[in-house]
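Sequence positions, counted from 1, serve as the residue numbers for this chain.
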Amino acid sequence: RVSIFDHMGKADLSHQVDFASIKQIMTPLSTTLTTQGEFLIQNGINERTEYLAQRNSTDTTNLRTGTARLTCSSAMGSLFKALIVTN
């Protein structure tokens, strides 16, 4: 275990989250459980990746590969979840 401030950007901060309890605490707010991939896509990761790729042609492959790893269901896209809370 490490502090979130140790090795910033290099430490795995993954955690088993009890989403059912969080959803219950958030009542009466609206909650939606989604995959990491869907969350990132809905929030513009593909557009951001292309924007960065156009400005950094030497790193285009890495940018697109990284985005695919985060969003594809065969990689991390469905492994991790996100809880969206709205009022």
Side-chain angles (χ1 to χ4, degrees):
R1 290 188 169 195
V2 296
S3 165
I4 62 170
F5 300 109
D6 291 345
H7 318 290
M8 291 181 76
K10 298 185 187 307
D12 181 356
L13 300 177
S14 303
H15 190 72
Q16 294 285 24
V17 176
D18 183 353
F19 285 111
S21 292
I22 294 173
K23 287 176 78 168
Q24 186 177 13
I25 292 168
M26 291 294 139
T27 304
L29 300 174
S30 175
T31 58
T32 305
L33 186 62
T34 189
T35 65
Q36 170 180 285
E38 283 300 313
F39 177 80
L40 292 173
I41 290 168
Q42 290 173 2
N43 284 282
I45 193 170
N46 291 328
E47 292 81 3
R48 180 66 177 164
T49 298
E50 290 310 308
Y51 175 85
L52 293 171
Q54 289 174 5
R55 281 150 186 77
N56 188 1
S57 61
T58 61
D59 210 25
T60 299
T61 300
N62 287 337
L63 288 165
R64 291 180 179 149
T65 301
T67 296
R69 182 171 184 229
L70 291 170
T71 58
C72 289
S73 60
S74 61
M76 296 169 65
S78 62
L79 179 62
F80 296 101
K81 308 294 184 261
L83 182 66
I84 302 167
V85 180
T86 54
N87 186 359

Legend entry - Shared hydrophobic cluster for Met76 and Ile45 (ILVMFWY, side-chain gaps under 4.5 Å): yes
Legend entry - Nearest-0.5 Å distance that lies between atom OG1 in Thr49 and atom CG in Asn62: 12.0 Å
Inset, instruction - Check whether Leu70 and Phe39 end up in the same hydrophobic cluster, where Ile, Leu, Val, Met, Phe, Trp and Tyr are linked by side-chain heavy atoms less than 4.5 Å apart. - result: yes
Legend entry - Heavy-atom donor-acceptor pair, Asn56 side chain to Leu52 backbone, under 3.5 Å: no
Inset, instruction - Could you tell me whether a side-chain N or O of Ser78 sits under 3.5 Å from a main-chain N or O of Ser73, the two making a donor and an acceptor? - result: yes
Inset, instruction - Quick one: pull up OG1 in Thr27 and CD1 in Ile22 and give me the separation to the nearest 0.5 Å. - result: 12.0 Å
Legend entry - Reported CG-to-CD distance for the pair Asp18 and Gln24, which is rounded to 0.5 angstrom: 9.0 Å
Legend entry - Interatomic spacing from OG1 in Thr34 to NZ in Lys81 - rounded to 0.5 Å: 9.0 Å
Inset, instruction - Rounded to the nearest 0.5 Å, what's the gap from NZ on Lys23 to OG1 on Thr31? Could you check? - result: 4.0 Å
Inset, instruction - Look at the side-chain heavy atoms of Ile, Leu, Val, Met, Phe, Trp and Tyr, link any pair under 4.5 Å apart, and say whether Leu83 and Ile41 land in one connected group. - result: no
Legend entry - Shortest non-hydrogen separation from Arg64 to Ala53 and the atoms involved: NH2-CB, 4.2 Å
Legend entry - Value rounded to 0.5 Å, distance of OG1 in Thr32 from CD in Gln42: 9.0 Å
Inset, instruction - State whether the side chain of Gln36 and the backbone N or O of Leu79 hold a donor-acceptor pair below 3.5 Å, judged by distance alone. - result: no
Legend entry - Same apolar cluster (I L V M F W Y, side chains within < 4.5 Å links), Ile84/Phe80: yes
Inset, instruction - Provide the closest heavy-atom pair for Ala11 versus Asp6 in the form atom of the first, atom of the second, distance. - result: CB-O, 4.0 Å
Legend entry - Smallest separation among heavy atoms of Leu29 and Thr86, with atom names: CB-O, 3.5 Å
